[in-house]
Amino acid sequence: MKIAIFNAREYDKRCLDRYNRQYRHELHYVDTHLDEQTLVLADDAKAVCVFVNDPVPRSLLKRMRSQGIQMLALRSAGFNHVDISAANELGILVANVPGYSPYAVAEHATGLILALIRRLVRAQARVREGNFSLEGLMGFDLHGKTVGIVGTGKIGSVFARIMHGFGCELLGTDPVESEECRKLGMRYVNFETLCRNSDIISLHCPLLPDTRHLVDEKAINEMRDRVCLINTSRGGVIDTTAIIRGLKSGKIGYLGLDVYEEEENLFFEDHSDSVISDDIFARLLTFNNVMVTGHQAYFTHEAISNIARTTLENVGEFEKTGSCSNQLIAR
Ligand code: NAD
């Protein structure tokens, strides 16, 4: 099948080309974002392939339908950037890549925690300057601390296993409880109780209407003083302006973000020669107890390979059978 692959980076292309020797699709790379103006560049492709930073609203799906596009293949697990119910109505099959490497994201969340609570970035900068003073570098043991995990699906449960290995107490909140997490000793509680009782809170739920701004002013006020908050899920799960107030008041002691509400026109590009015009994001970067990575939690060899393979497999399955086991249906 001819697939128009939008906005792929060189590392994506290398992997897709390698796995495509087996699948033999016609890969048509379009080096720009997908939108209503660029859709025409898909030519006569029957499938369009996008990553997380290309929003696909109903209006774009309608145009895709009239251009004869039958499938939208996501190179991601998250799908909050696509209007799934519109796609279902219009008969465009949308497939994602679930669980391509829960380890990648869970391990990155762990890296953010360790870097923050042991002040590794500040320590590295000091040592490079020949300053070996330990003043201001005191951390705390993870062992014995309570870690609250919001969303104990594929990534959340790998993260739970890692935290269990550090000797942490586990609290979880999720409408669907995980047997595996329970076996690790996780206690399931509601979100408010989790906020009140956790030293570290890590977000691993999807962005849905009911999780948008789940972490708001009220939730932050419930949290323990100097809480360590980690978000590797989706930026919209937290209200960034409320977070900034929490940082200013000292309520939030450590903040690790891999995702940001307004990341769409910021992340995955080099802006080092320009001014960041997003004042909220710029303010976040001024705190020395905040660490931000640009949506790189998924970015490992293993994950990129799995994304490429499953994306091509999804299109192959659709081509052969007219359906796909990773098809997304609106709830
Ligand atoms: P998953 O579907 O396996 O798990 C998500 C869990 O969240 C499910 O168990 C679900 O029941 C739970 N959930 C839903 N609503 C909730 C709520 N209101 N409160 C608490 N839990 C709730 O998904 P996953 O593979 O573990 O991925 C989780 C999220 O991580 C994705 O949706 C995506 O947004 C994000 N993600 C980020 C990256 C990255 O690079 N930063 C990479 C992959 C995925």
Side-chain angles (χ1 to χ4, degrees), residues 9 11-12 51-53 55 74-82 84 94-113 147-163 170-182 186-195 198 201-216 219 230-238 256-261 263-264 266-268 291-307 310-311 326-331:
R9 307 289 144 154
Y11 46 78
D12 295 313
F51 189 50
V52 292
N53 51 342
L74 307 182
R75 304 194 296 281
S76 60
F79 48 85
N80 52 284
H81 54 302
V82 179
I84 301 294
V94 186
N96 71 339
V97 183
Y100 49 78
S101 176
Y103 309 102
V105 183
E107 289 169 15
H108 191 81
T110 309
L112 287 174
I113 294 172
V147 178
I149 305 179
V150 180
T152 57
K154 288 181 279 299
I155 296 170
S157 48
V158 171
F159 179 73
R161 239 184 289 156
I162 296 172
M163 291 297 110
L170 301 177
L171 291 180
T173 189
D174 193 313
V176 184
E177 300 185 3
S178 148
E179 194 45 43
E180 190 199 342
C181 289
R182 275 197 178 286
M186 178 177 281
R187 215 155 45 83
Y188 276 96
V189 292
N190 63 28
F191 179 61
E192 290 69 31
T193 309
L194 182 142
C195 288
S198 302
I201 297 175
S202 194
L203 306 175
H204 299 289
C205 59
L207 177 60
L208 301 167
D210 62 323
T211 59
R212 177 169 292 280
H213 288 186
L214 182 69
V215 177
D216 58 6
I230 304 294
N231 188 11
T232 57
S233 64
R234 283 292 179 267
V237 177
I238 64 178
L257 299 180
D258 185 54
V259 286
Y260 170 59
E261 301 191 71
E263 70 178 52
E264 196 183 301
L266 199 56
F267 286 4
F268 307 112
M291 189 164 193
V292 182
T293 51
H295 207 138
Q296 76 171 79
Y298 77 103
F299 195 53
T300 64
H301 284 293
E302 293 80 358
I304 293 292
S305 302
N306 288 338
I307 289 172
T310 308
T311 300
N326 291 324
Q327 177 176 1
L328 296 168
I329 307 285
R331 293 201 295 174

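Note that the numbering runs from 1 along the sequence shown for the chain. Counting starts at 1 for both ligands and their atoms, in listed order.
Contact annotation: the side chain of Y260 never approaches that of V292 to less than 4.5 Å [non-hydrogen atoms, C-beta and beyond].
Between Y100 and ligand 1, no N or O atom pair is found at a separation short of 3.5 Å.
For atom 23 (O) of ligand 1, no protein non-hydrogen atom is found at a distance below 4.0 Å.
Closest to atom 34 (O) of ligand 1, if we only count protein heavy atoms, is R234 CG, 3.2 Å. Scanning the protein heavy atoms around atom 28 (C) of ligand 1, the nearest turns out to be H204 O, 3.3 Å. The nearest heavy-atom contact from the protein to atom 14 (C) of ligand 1 is P206 CD, 3.7 Å. Of all protein heavy atoms, the one closest to atom 40 (O) of ligand 1 is Y298 N, 3.1 Å.
The residue from D258, I149, T293 that puts a heavy atom closest to atom 41 (N) of ligand 1 is D258. One option in K154, H81, H295 has a heavy atom closer to atom 25 (O) of ligand 1 than any other, and that option is K154. Summarising the contacts of atom 11 (O) of ligand 1 with T211, V176, T152, D174, the nearest heavy atom is found in D174.
Residue S233 places a heavy atom under 4.0 Å from ligand 1. In this structure, G99 does not count as a contact residue of ligand 1, since none of its heavy atoms falls inside 4.0 Å of the ligand.
Salt bridge E261/R234: absent, no basic N to carboxylate O contact under 4.0 Å.
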